[in-house]
Q: 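Next up is a structure, given as structure tokens.
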Amino acid sequence: MSSTVDTTARYLKTHEWARPDGELVVCGISDHAQQAMNDLVYVELPRVGDTLKAGDRFGAVESVKAASDVYMPVSGTITAINTALEKAPEIINKDPYGEGWMVKIKPDNPADLEKLMDATAYQELLKAEEN
Amino acid sequence: MLEPLIYELSSPGRAGVTMPESDVPRFDFPTDLLRDDLPLPEISQIDVTRHFTRLSRLNMAIDTTMYPLGSCTMKYNPRINEDVARMAGFAQVHPLQDPVTAQGALYLMYQLQEFLKEIAGFAGVSLQPAAGAQGEFTGILIMRAYHRERGDHKRIKMLIPDSAHGTNPASSAMAGLKVVELPSDPRGNVDLEALKANLDDTVCGLMITNPNTLGMFEEHIEEVVKAVHAAGGLVYGDGANMNALLGIAKPGKIGFDVMHYNLHKTFSTPHGGGGPGSGPVAVARHLVDFLPGPIVRPKPGSEKDAEGVPLYEWFTPPKSIGRMRAFWGNFGMLVRAYTYIRVHGEDGLRAVSQHAVLNANYVQARIKNVYPVPQGERHCMHEVIAQGKLAGAPDVRALDIAKRLMDYGFHPPTNYFPLIVPEALMIEPTETESKQTLDQFVDALLAIAEEARRSPELLKNAPHSAPLKRLDEVKAAKDLVLCCRVG
């Protein structure tokens with residue numbers, strides 16, 4: 001199986017993606033992550049207004065086989081959550097980088113995003129994990 | 001449906017037995033205690049028999065097929081266990097009767113405590129916990145009580161390798177501890193550097209399974225134990241994989257402080273739907289006073305009988321964490337486990353583990369050129385973790401291979417666990433399978449790998465022979481219906 005990578009996004013080792021969205025950062029899980037999880041059946045999201053640090057757990061995704069925590073790419077405040085996922089978590093399986101976004105964050109420091117892996121580095125990580 | 005619900009077979013007024021005329025005066029039950037909202041099925045005896053026999057034939061079970069469910073040790077349950085458990089003195093003993101009149105049952109429990117101490121090298125055992133996860137929870141409460149008793153209240157962290165059973169973090173969280181996950185190293189051991197980096201005076205302990213769920217014996221186990229102890233923490237052993245170690249290695253001697261057994265795995269008591277389980281907890285000397293009661297001991301000062309047997313009594317240790325369960329544990333399982341240990345003896349139990357390890361390595365050797373085995377350069381212990389990733393079959397997943405195995409007459413192995421192995425197929429043959437059966441199983445796996453390349457749709461749509469074909473697991477998880485409303 002091969003997975004796609006959004007070249008405009010930055011990535012965490014734990015397979016979250018994060019992309020600038022105006023003044024905000026939008027975040028979800030990568031195509032590789034949704035493939036590895038298989039069909040998602042439940043998504044746990046934070047509350048709007050929650051203030052979290054980079055690396056903090058902000059939610060979880062659960063499939064028929066496993067559950068996995070999802071982590072903040074940057075420190076900041078949650079300004080929006082994708083409530084459509086609560087009823088239809090399979091949106092993440094279908095469109096992980098688009099309709100399957102999980103949260104929008106107002107970052108404490110917008111430059112923090114640049115510290116994360118870019119798409120090339122993430123692809124190399126996936127290749128290394130494959131082997 | 002293949003088989004109607006028993007309620008659908010019901011016909012008003014039909015009965016399985018005809019009750020004789022009552023020979024005592026009729027008593028009219030108070031009407032306010034009567035209920036009319038509990039419809040019980042009304043069926044003849046033969047229809048009941050046929051219904052349940054038909055249902056049993058839809059099942060895959062250890063009595064019908066090899067059941068290589070990794071990390072579950074689905075070994076054969078010898079029938080002598082059932083004979084002994086049905087002896088009137090065990091089956092009809094009442095939990096509330098005077099222990100003086102149930103000395104046979106207490107004797108058996110005492111002997112089993114002693115056997116379990118000896119087998120894993122510990123100083124004390126409680127037979128109370130009802131199953132493995134409750135055993136873990138019990139062990140963690142003991143660790144917590146030990147630290148608190150010393151006035152050390154800052155130990156709130158439990159270190160758990162990423163290969164652990166999910167019950168480990170769950171039990172720790174339930175005991176109010178903070179879970180810290182440790183990565184595994186490339187050889188499948190817990191990563192020593194990561195362990196040491198997390199050791200400080202807030203560590204309650206480490207939970208470790210050895211062999212771990214990658215089927216690997218922890219190569220640095222003595223160093224791991226030493227490091228945790230040096231930081232003031234305790235080492236908890238998850239005994240789920242004890243079937244690899246009987247008569248070969250004693251966790252208590254390696255330095256583990258607490259360990260639970262799964263009698264329903266290692267000691268052949270029924271497992272899964274046939275349970276209940278039983279998860280005795282064994283502890284080192286410094287923790288015996290914290291064990292949950294009641295445990296059995298010879299009554300201090302009691303005289304021995306002509307055969308040298310003392311009187312036994314219930315005993316709750318002085319700093320006990322309390323009861324974990326009503327009455328005396330899952331007693332029927334204790335009888336079966338005791339029987340299994342007595343039938344095998346020391347040499348027999350060692351042979352159990354040797355054969356369990358041999359069988360798993362035989363499977364590993366025969367499949368590893370076709371199914372990737374991440375730790376394939378090492379010998380495995382009692383189970384082998386392969387991957388359902390086949391060269392030339394990019395769309396086929398572990399789940400498809402597992403489902404297709406059913407068409408070959410085998411229960412699928414555990415899949416998608418351990419979580420750190422993508423597309424995991426976790427195969428635990430156990431000691432009770434012959435070489436012929438192992439060969440049939442491996443032949444099936446190899447044939448499926450060929451099918452995966454040539455006609456992957458055969459796998460994608462499998463199982464073809466099962467009564468309900470491929471089940472919709474997503475729907476089952478999302479639209480769970482727990483209650484069938486009748487009428």
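Chain identifiers are assigned alphabetically (A, B, ...) following the order of the sequence lines, protein sequences preceding nucleic acid strands; residue numbering begins at 1 within each chain.
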Q: Between Glu62(A) and chain B, with a heavy-atom cut-off of 4.5 Å, which part of the residue counts as in contact: side chain, backbone, both or neither?
A: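 Neither part.
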Q: If you count the non-hydrogen atoms of other residues, nucleotides and ligands that lie under 6.0 Å from NZ in Lys53(A), is the total more than 12?
A: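 At most 12 heavy atoms, drawn from other residues, nucleotides or ligands, come within 6.0 Å of this atom.
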Q: So, taking the atom named CG in Asn38(A) and the one named CD in Glu473(B), what distance separates them when rounded to the nearest 0.5 Å?
A: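 Result: 8.5 Å between the selected atoms.
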Q: Take atom NZ in Lys13(A); do more than 12 heavy atoms of anything else shown fall under 6.0 Å from it?
A: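 Check fails, neighbour count at 12 or below.
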Q: Quick one: side chains of residues 69-76 of chain A, donor-acceptor pairs under 3.5 Å with protein atoms, not counting sequence neighbours, listed by atom name and distance.
A:
{"unit_1": "Asp69(A)", "atom_1": "OD1", "unit_2": "Arg57(A)", "atom_2": "NE", "d": "2.8"}
{"unit_1": "Asp69(A)", "atom_1": "OD2", "unit_2": "Arg57(A)", "atom_2": "NE", "d": "3.4"}
{"unit_1": "Ser75(A)", "atom_1": "OG", "unit_2": "Ala54(A)", "atom_2": "N", "d": "2.9"}

Q: Taking everything shown except Glu457(B) itself, do over 12 heavy atoms lie less than 6.0 Å from its CD?
A: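 Atom CD in Glu457(B) is packed in, count exceeds 12.
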Q: Heavy-atom distance under 4.5 Å between the side chains of Leu399(B) and Lys65(A), does that happen here?
A: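 Yes. Closest side-chain heavy atoms under 4.5 Å.
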Q: Measure Lys389(B) against the heavy atoms of chain A and call it side chain, backbone, both or neither at under 4.5 Å.
A: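 Only the side chain of Lys389(B) comes within 4.5 Å of chain A.
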Q: Identify the two heavy atoms, one from Val474(B) and one from Asp39(A), that lie closest to each other, and give their separation to 0.1 Å.
A: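 Looking at all heavy atoms of both residues, the closest pair is CG2-CB, 3.2 Å.
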Q: Closest approach of Glu90(A) and Lys478(B), non-hydrogen atoms and distance?
A: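 In terms of heavy atoms, the two residues are closest at OE1-NZ, 2.9 Å.
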Q: Give every residue pair that meets the salt bridge (charged side-chain N to carboxylate O under 4.0 Å, His left out) criterion with at least one member in residues 166-178 of chain B, sequence neighbours excluded.
A: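 Residue pairs with at least one partner in residues 166-178 of chain B: there are none.
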